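What you see is a predicted model, and the numbers here were worked out from it, not measured in a lab.
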Amino acid sequence: ETDDLTAERIVTFDPASDPGFFGDRGRSTFGPAARSLITRMLSRDPPGRPDMRLVASDPFFDGVDVFSLHGGRAHPLDVGSVDPSTVDARWSRRQFSSIWAPQPRAYDVGGGGTAARSGGAGRGGA
């Protein structure tokens, strides 16, 4: 995967049209309520995203007072098997990739493509 391809996928991101977004096809641990809420929250159309009131009343949080969650104990996180001390060439390449730095490009979010802008800084860089 190239930096340009990764940038293109970020700019044209649409979880509703990506069957692999929630993990390996058919083996995802995300339930239907979580998928629905996440998909709506990640909508590319800002007016189409739910506000906090709608998120709090979503079926995913059925029976949970989301406004008091901050006062409780933190949920323990799974540690996993990733060892950050192990050097991975792919990670090193991505870590220092130009995609993480502002680039002089203008992205056409509505048209689904990237276009390099000649001269001057772009708007909404990566």
Enquirer: What are the two closest heavy atoms between R49 and R44, and how far apart are they?
Expert: NH2-O, 3.7 Å
Enquirer: Nearest 0.5 Å, please: how far is OG in S43 from CD1 in I38?
Expert: 14.0 Å
Enquirer: For the side chain of S36 and the backbone of P32, is there at least one donor-acceptor N/O pair under 3.5 Å apart?
Expert: no
Enquirer: If you look at every heavy atom in M52 and F67, which pair is closest and at what distance?
Expert: CG-CE2, 4.0 Å
Enquirer: Minimum heavy-atom separation for P50 to V55, with atom names?
Expert: CG-CG2, 3.8 Å
Enquirer: Are M41 and V64 connected, step by step, through hydrophobic side chains (Ile, Leu, Val, Met, Phe, Trp, Tyr) whose heavy atoms are closer than 4.5 Å?
Expert: yes
Enquirer: Transitively linked via ILVMFWY side-chain contacts under 4.5 Å: F60 with L69?
Expert: yes
Enquirer: With clusters defined by side-chain heavy atoms of hydrophobic residues (ILVMFWY) lying less than 4.5 Å apart, directly or transitively, does L42 cluster with L54?
Expert: no
Enquirer: Would you name the heavy atoms of F61 and A56 that are closest together and state the gap between them?
Expert: CB-O, 3.9 Å
